[in-house]
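Scroll down for the structure; my scribbles are underneath it.
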Amino acid sequence: MRIPVSALIGMILTAGFFAMAAFAPWIAPYGMAEIVGDVWQPRSAEHWLGTDNIGRDLLSRMIYGGRTTIVIATLATILSFTLGAFMGFTAAVIGGWIDQLMSRFVDLMMSIPTLIFALVVLSVMPVSMTVLILVMGLLDSTRVYRLSRAVAVDINVQDFVEAAKLRGEKRTWIIFREILPNALSPLVAELGLRFIFAVLFLSTLSFLGLGVQPPASDWGGMVKENKEGIVFGIGAALVPAAAIAALAISVNLVADWVLNRTSDLKGGRGG
Amino acid sequence: MGQVLKLLVQRIALGLLLLLLVSLLVFVGTEILPGDVAQSILGQAATPTSLANLREELGLNEPAPLRYLSWLGGVLTGDLGTALSNGQDITTQIGLRLGNTLFLAFWAAVVAVPLAILLGLLAVRYRNRWPDKLISGLTLASISLPEFFTGYVLIFFFAVKLRWFPSVATVYDSMSLLEKLNAIALPIAVLVMVVLAHMMRMTRAAILNVMQSAYIETAELKGLSPFKVIFRHAFPNAVAPIVNVVMLNLAYLVVGVVVVEVIFVYPGMGQYLVDHVSKRDVPVVQACGLIFAAVYIGLNLVADIVSIVTNPRLRHPK
C-alpha cells in the first residue's frame, strides 16, 4: 500500500498538532495567562512569536489555545459520532414510524443553519465547556445520523443480518455485532470531516465571543483578542487564524485519502 | 403542466409547514432549555424579588404554549416585540439592517455566480490537467479556511499595508453606490471565496455528468470543438443542477454573512444577532434566528422549485 505524499504530510502535521495538545505544559516556554512583557512586542529570541494584546507570550498561548481547541473539538466529534451513529443504526434496524419520526426530526433540525441554531441556544445557556461540547455535538450528530442511517439501511437487508434476525438475536446484537463492523469504514472517512467542522465551528463561536471564555482561550478566541492589532499592522491575530487553517487542511488531507481508499474498497460507490 | 403544478403546490406547502415548525423550534430552543431568561438578564445582581418582577414583566409566568402563540401572532403581523437590553422596537431595528445584509449578499452573489460557472466550465474543458487540479486544490483550501482567516489576511494586506480599501465596512444612506461598493469590497471578496470553490466544483460535476451522455459523444464524433460541445450541448442540459447548486450556496452565503459582518463591523443582521446573543437578549435572538432560518429555507425552496420547473421529464409527461 502506497501512501500519497499529501496524505503523509497531513498525517505528520495532524500528529504534530495532537502531540502539541497533549504535551502543552511541557512544551510551552511560559504560562498560558502569564504576563511577560509589553503589549504586542515583535518577534524576538525570548518570544518567538512576540506577545499578545495584554503582553502574554504568544507562542505559549498558541500551544495552550491549540490544546483547548483540539480537546473540545475531539470531545464534540466523539459525542456527535456515538450519538449520531447509534440513533442512525437504531432507526434503520427498527424502521417503521420510529424511523420516520426520527428522520423527519433530523430534517427539521437541519433546515436551520447550524451556526444560527447554536447562537439561538447559546443566548439562553450559560457558556461553559460542557455546554459548548453538548451543543456542538448534538447539532452535528444530525449529519452523522443521516450517513449512518443510509449505510445501515443497506446493510440491514443483507443475508447475514437476515440470518441473525432469524436466529433470534436481539436488536442490540444486530446493531453492535452485525451492522457496526460493516459500517465502520464509511464512518471513519467521515470522522475527519466532522472533526474539521467541529474545529471551524468552535473557532467561529469563540471568535464571535460566544465560545471559550477568557482568561482561557482557544485559537478562535485568540483571533478575537488580537484583532484590534490588525489595523496597526500587527499580525498577532493572523497566527491563530493560520493555525486553525493549518489544522483543518492537515486533517483534510488525511480524510481525503481515507475517503478515496474506502470508496475504492466499496467498488467506487463511496460512503 | 398539471403534474408540475401539483408538485409545486406540494413543495410550497411543505416549505410553509417547515417554517412553522422552525418557529416552534426557535421558540422552544430559547424557552424550554434549562437556562432561565430572567436569571440570565439579571446575572449576579438577581434577588428573588427582582427575579419575580422581571418574570412578571416578561410574561414568563404565562404557560409556554400561550406565549408561543402570542409571539407567533406578533411575528405574522410584523411585530417582533421589543429588545430587552435597550427597549428598542425590534422590527424597526431589523428594517434598518436587513437591507444592508441583503445588499452585501447580493453583490457577493453577483460576483461569485458567473465566476464560479465560468471556472467550472474551464475545469471541465481542461479536466485532469493543471487548471482542473488547481481548482481541486482551491476547494480543499476554501473548506478548511475559516472566514476570519481570509478576512483578516485581506484587511492586513489591502486595507492596512496597501490602503486600497477601508478596513471597516461602514455604509450609510447618503453614500453613492460606488462609495458603498468600495466600502464593502473586502467583505464581498471574503464571501466570494467562501462559496466560489464549492460552486465551481459542483458545476464541474454537473457538466461532467452530462458529458457522459450519448449525444455528447455524437457531438464530439461529428468533430465539434471541445468548447462548442460544452457550451452548446452540455451546458444547457446542466442548467438545472447548476441553478440548484447556486441556490444552495446562496443559502450558505446568508450564514457566512454573520461572521463576515462581525469581521468588518458591517451594520447588518449578523452583527445585530451576535451582539444580542452576548447580551442574552432573547426576543432579538428569536427574531433574527427566525429570519435567517426563513431566508435559508426560502432559498432551498427556490432551488427545489427551479429543479421541478426545469425538469423536462416533468414538463412533458408521456
Side-chain angles (χ1 to χ4, degrees), chain A residues 6 104-105 107-109 111-127 131 135 193 196-197 199-205 207-210 219-220 223-224 226-227 229-235 237-238 240-253 255-256, chain B residues 18-19 21-22 24-26 29-31 33-37 39-40 140-141 143-153 155-156 159-161 167-168 251-252 254-256 258-259 262-263 270 273-282 284-286 288-293 295-297 300:
Chain A
S6 62
R104 293 296 82 75
F105 183 70
D107 288 350
L108 176 64
M109 296 271 290
S111 72
I112 304 180
T114 318
L115 178 63
I116 304 295
F117 206 138
L119 291 183
V120 168
V121 172
L122 288 176
S123 72
V124 284
M125 299 285 277
V127 179
V131 169
V135 169
L193 299 181
I196 296 169
F197 182 82
V199 168
L200 292 178
F201 195 46
L202 173 69
S203 307
T204 302
L205 286 177
F207 169 69
L208 296 176
L210 306 163
W219 286 340
V223 176
K224 182 188 163 69
N226 293 300
K227 68 179 181 185
I230 297 266
V231 287
F232 305 115
I234 297 157
L238 298 180
I244 297 164
L247 174 61
I249 291 175
S250 320
V251 178
N252 222 327
L253 288 173
D256 219 33
Chain B
L18 197 59
L19 212 51
L21 288 173
V22 164
L24 187 65
L25 205 57
V26 166
T30 48
E31 300 278 327
L33 283 170
D36 177 354
V37 186
Q39 179 78 55
S40 317
L140 177 74
I143 56 169
S144 308
L145 296 181
E147 288 97 342
F148 46 81
F149 178 72
T150 340
Y152 285 123
V153 167
I155 291 184
F156 192 72
V160 179
K161 296 279 174 199
S167 64
V168 172
Y252 185 76
V254 172
V255 184
V258 174
V259 180
V262 173
I263 299 174
L273 171 61
V274 171
D275 280 352
H276 287 80
V277 172
S278 25
K279 286 181 195 158
R280 300 185 171 281
D281 195 331
V282 175
V284 178
V285 175
Q286 283 173 338
C288 292
L290 189 62
I291 290 174
F292 272 110
V295 173
Y296 188 77
I297 291 173
N300 277 300

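Hydrogens, waters and symmetry mates are skipped; everything else that's a heavy atom, side chains included, is used. All values reported here derive from a predicted model rather than from experimental measurement. Chain letters run A, B, ... following the sequence lines, proteins first, then strands; residues in each count from 1.
For Ala242(A), the parts lying near chain B are the backbone and the side chain together; criterion is any non-hydrogen pair under 4.5 Å. Proximity to chain B (any heavy atom under 4.5 Å) is shown, for Phe197(A), by neither the backbone nor the side chain. With a threshold of 4.5 angstrom between heavy atoms, Val127(A) approaches chain B through its backbone and through its side chain. Only the side chain of Leu25(B) comes within less than 4.5 Å of a heavy atom of chain A; its backbone N, CA, C and O stay farther away. In this structure, chain B has heavy atoms under 4.5 Å from both the backbone and the side chain of Leu119(A). Within the 4.5 angstrom heavy-atom criterion, atoms from both the backbone and the side chain of Phe156(B) approach chain A.
Expressed to the nearest 0.5 Å, how far CD of Gln286(B) lies from OG of Ser123(A) amounts to 7.5 Å. Between the CD atom in Glu147(B) and the CG atom in Leu200(A) there is a gap of 8.5 Å [rounded to 0.5 Å]. With values rounded to the nearest 0.5 angstrom, Ile263(B) atom CD1 is found 9.0 Å from Leu208(A) atom CG.
Contact check for Val223(A) versus Phe149(B): no side-chain heavy atoms found under the 4.5 Å cut-off. Side-chain contact between Ile244(A) and Phe148(B): present, with at least one pair of heavy atoms (C-beta onward) separated by less than 4.5 Å. Ile116(A) places a side-chain heavy atom less than 4.5 Å from the side chain of Leu273(B). Between Ser111(A) and Asn300(B), the closest side-chain pair of non-hydrogen atoms is not below 4.5 Å. Contact of the Pro146(B) side chain with the Phe207(A) side chain is not registered, since no non-hydrogen atoms from C-beta on lie closer than 4.5 Å.
Between Leu115(A) and Val259(B), the shortest heavy-atom distance links the atoms CD2-CG2, 4.2 Å.
Only one option out of Ile297(B), Leu18(B), Val22(B) pairs with Ile112(A) in a side chain to side chain contact (heavy atoms under 4.5 Å, CB included); it is Val22(B).
With respect to chain A, the highest number of heavy-atom pairs below 4.5 Å among Ile155(B), Thr150(B), Val262(B) belongs to Val262(B). By number of non-hydrogen pairs under 4.5 angstrom with chain A, the leading residue of Asp281(B), Leu145(B), Val274(B) is Val274(B). The most heavy-atom pairs under 4.5 Å with chain B, out of Leu122(A), Ile196(A), Thr204(A), Leu238(A), come from Leu238(A).
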